[in-house]
2 protein chains.
Amino acid sequence: MSSAQKPAPAERQRDAARTRAEILAVATGEFARDGYAGARVDKIADLTRTTKRMIYYYFGGKEQLFTAVLEAAYSEIRQLEGDLDVEHLDPVAATRRLVELTFDHHEAHPDFIRLVSIENIHEAEHIIASEKLSRLGSPATDVLQRILESGRKAGLFHAEVDAIDVHAMISSFCFFRVSNRHTFGALFARDLVDPDSRDHYRNMLADMICAYLTSPPLHRDGEELS
Amino acid sequence: MSSAQKPAPAERQRDAARTRAEILAVATGEFARDGYAGARVDKIADLTRTTKRMIYYYFGGKEQLFTAVLEAAYSEIRQLEGDLDVEHLDPVAATRRLVELTFDHHEAHPDFIRLVSIENIHEAEHIIASEKLSRLGSPATDVLQRILESGRKAGLFHAEVDAIDVHAMISSFCFFRVSNRHTFGALFARDLVDPDSRDHYRNMLADMICAYLTSPPLHRDGEELS
DNA sequence: CCAGTAATGTACGAACTAGTACGTTACTTA
DNA sequence: TAAGTAACGTACTAGTTCGTACATTACTGG
């Protein structure tokens with residue numbers, strides 16, 4: 001590694017991978033900050049050590065660049081989810097752990113949250129058009145599926161729980177806490193991402209999810225109030 | 001009413017209030033659809049019966065128009081919340097009713113959800129700058145506050161519940177279900193706003209909130225895992 | 001009924017913005 | 001080492017887009 005076999009081209013002047021990666025990183029920040037329409041191709045170029053020409057050279061255009069940003073952001077997330085190992089825990093502890101992981105992840109990646117919000121404004125058109133993103137599964141829901149099943153078998157969880165539903169419940173609070181912190185803070189004078197209340201919200205969500213899973217449902221699905 | 005006292009100027013050719021309202025209505029749709037940067041002043045003007053000149057005449061500019069759109073949207077919401085009357089119900093039923101109202105409201109106002117998402121991308125700068133929106137209180141949290149207090153006194157709810165926290169929990173799911181339906185649908189092949197699953201999600205959220213309020217907390221706030 | 005003003009329309013411009021034509025240089029490999 | 005190509009830079013353009021100067025008309029109070 002340290003041997004100077006290759007004379008360590010201390011500063012390569014031409015490095016396709018690096019240039020591409022730098023554009024992607026800068027674009028991620030700019031799109032997350034200003035939205036798709038608000039982001040400026042010229043500004044993204046200015047923030048890199050290269051020029052606008054290279055954006056078109058590597059990505060083709062603004063739209064494809066945005067798709068590439070989304071693909072990279074989602075890939076990173078899914079990779080982290082894949083490393084998750086909670087199978088050795090009991091169902092309640094495993095659920096708690098999964099909640100905490102989602103909570104921590106969303107908190108640590110506000111740019112990702114913003115990109116997802118922006119993509120929703122565009123009705124997910126880039127995700128739908130992206131083969132790469134369509135192929136991407138979701139390790140989180142697979143893990144959750146197994147946790148819930150074992151919890152049900154052990155008689156700890158009630159029958160109606162569905163993995164994707166529970167994932168939606170967990171995600172919604174973790175996502176909202178970050179995505180809507182500005183309007184919520186402005187209107188209710190409470191900073192949902194205040195570090196001092198972090199543990200409080202983390203525990204609250206885990207409590208709520210576990211309370212839901214372990215309490216018998218109060219209603220009955222399909223019930224009609226005629 | 002029907003008498004022709006005023007000869008019913010069947011079509012007034014000049015009507016400030018109407019022109020202003022029409023611009024606001026069209027702008028709401030356009031901003032919600034395309035975001036702040038994506039919306040076009042010229043297009044908004046074209047969709048009204050008047051011209052771009054009037055947008056600047058009545059609102060001053062694109063930025064102020066967006067603020068006016070937000071103000072109108074929030075005002076409408078707050079008015080609806082104010083009509084809410086659940087004080088005669090027992091705490092659990094009242095909570096359930098409040099959840100259902102939020103759920104129904106968010107579902108019925110996707111444009112509002114999109115505007116709030118967009119405003120969060122802009123870090124709530126328009127809300128913060130708007131006197132009108134700063135003064136706007138929140139009837140929903142006031143009502144919730146009273147429900148929770150009576151539930152606590154009756155020994156039904158545990159001690160840690162806070163009105164704004166519970167409001168955040170309720171809002172997050174109702175909001176996420178609408179705001180993120182596109183990415184969620186694309187990635188998990190599940191339409192959260194499918195009419196067929198509406199009752200299911202509505203009941204699920206109410207069950208979860210009530211389960212949380214009535215179950216003792218599993219952790220302890222302030223607990224340190226050293 | 002007439003003068004003043006609120007309301008409205010037209011036409012235009014300056015700045016911006018995505019994208020490209022064309023030229024150049026560093027690196028590789030035959 | 002020479003030639004080919006991948007990587008990169010400059011300068012420009014066509015089309016937008018917000019905003020406004022200027023002109024005009026409908027309505028109303030005196």
Side-chain angles (χ1 to χ4, degrees), chain A residues 4-31 33-70 118 122 125-126 129, chain B residues 4-31 33-69 118 122 125-126:
Chain A
Q5 172 67 318
K6 276 192 176 178
E11 331 179 21
R12 276 177 78 167
Q13 299 182 331
R14 296 199 164 186
D15 189 334
R18 172 170 186 127
T19 300
R20 217 190 109 100
E22 191 183 4
I23 291 171
L24 210 54
V26 170
T28 299
E30 289 301 298
F31 279 128
R33 178 170 301 277
D34 299 329
Y36 175 74
R40 298 292 167 231
V41 176
D42 284 288
K43 189 177 179 199
I44 292 170
D46 287 348
L47 292 175
T48 66
R49 77 184 61 182
T50 184
T51 66
K52 184 167 56 160
R53 178 70 182 77
M54 289 299 97
I55 292 174
Y56 291 89
Y57 184 70
Y58 284 112
F59 298 95
K62 188 182 184 182
E63 191 105 26
Q64 292 103 309
L65 177 59
F66 183 75
T67 298
V69 163
L70 270 185
I118 291 160
H122 295 274
E125 56 174 319
H126 306 95
Chain B
Q5 172 69 316
K6 275 192 177 179
E11 329 177 23
R12 274 177 81 167
Q13 298 184 329
R14 297 196 164 189
D15 188 334
R18 171 171 188 128
T19 300
R20 218 191 108 99
E22 190 182 7
I23 291 171
L24 210 55
V26 169
T28 299
E30 288 302 298
F31 280 127
R33 176 170 302 277
D34 299 329
Y36 176 74
R40 300 292 167 230
V41 176
D42 284 289
K43 189 176 178 200
I44 292 170
D46 287 349
L47 292 175
T48 66
R49 77 185 63 183
T50 182
T51 66
K52 185 167 55 157
R53 178 70 183 78
M54 289 299 97
I55 291 175
Y56 290 88
Y57 184 72
Y58 284 113
F59 297 95
K62 189 182 183 183
E63 192 104 27
Q64 293 103 307
L65 177 58
F66 184 74
T67 298
V69 163
I118 290 160
H122 296 274
E125 57 173 320
H126 306 94

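Below, chain A is the first sequence line, B the second, and so on; all start at residue 1. Below, each value reflects all heavy atoms present in this structure, side chains not excepted, and no hydrogens, waters or symmetry copies.
Between A:T50 and D:dG9, a side-chain N or O to OP1/OP2 separation shorter than 4.0 Å is present. A:Y56 has no side-chain polar atom (N or O) that falls below the 4.0 Å cut-off from OP1 or OP2 of D:dC8. For A:R40 and C:dT17, the shortest distance from a side-chain N or O to OP1 or OP2 is below 4.0 Å.
Of all nucleotides listed (C:dT10, D:dT25, C:dA21), C:dA21 comes nearest to the side chain of A:R53. For B:T19, the side-chain atoms get nearest to C:dT8 when compared with the rest of C:dC22, C:dT8, C:dG9. Side-chain atoms of B:R14 lie closest to C:dA7 of the nucleotides C:dT25, C:dA7, D:dC18. Among the nucleotides D:dC18, C:dA18, D:dG9, the one closest to any side-chain atom of A:V41 is C:dA18.
Base engagement by A:T51 is indicated by at least one non-hydrogen atom pair under 4.0 Å involving a base atom. Nucleic acid contact for A:A39: sugar-phosphate only, since backbone atoms but no base atoms lie under 4.0 Å from a heavy atom of the residue.
Under the 4.5 Å side-chain criterion, counting only non-hydrogen atoms from C-beta, B:T19 is not in contact with B:Y57.
C:dG19 atom C1' lies 20 Å from atom NZ of A:K43, rounded to whole Å. If you take CG of B:L65 and P of D:dT17, they are 16 Å apart, rounded to a whole angstrom. Here the P atom of nucleotide C:dT24 and the OH atom of A:Y57 are 18 Å apart, to the nearest Å. One can place CG of A:D46 at 12 Å from P of C:dT17, the figure rounded to the nearest angstrom. For the pair A:M54 CE and D:dA6 C1', the interatomic distance rounds to 10 Å; values are reported in whole Å. The distance from atom CZ of B:R18 to atom P of C:dA6 is 22 Å, rounded to the nearest whole Å. Whole-Å rounding puts the A:I55 CD1 to D:dG9 C1' distance at 13 Å. When rounded to the nearest whole Å, the span between CZ of B:F59 and C1' of D:dG19 equals 16 Å.
Contact of A:K62 with C:dG19 (side chain to base): no donor-acceptor pair of N or O atoms is detected under 3.5 Å.
B:R49 places no side-chain N or O within 3.5 Å of a backbone atom of B:D46 that could act as its donor or acceptor partner. A:E30 contributes no side-chain N or O that, together with a main-chain N or O of A:K43, makes up a donor-acceptor pair within less than 3.5 Å.
The two residues B:L24 and B:A68 make their nearest non-hydrogen contact at CD1-CB, 3.8 Å.
Residue whose closest nucleotide on DNA chain C sits further toward the 5' end, between B:R20 and B:K52: B:R20.
Classification of the B:F66-B:H126 ring pair by plane angle, with boundaries at 30° and 60°, yields perpendicular.
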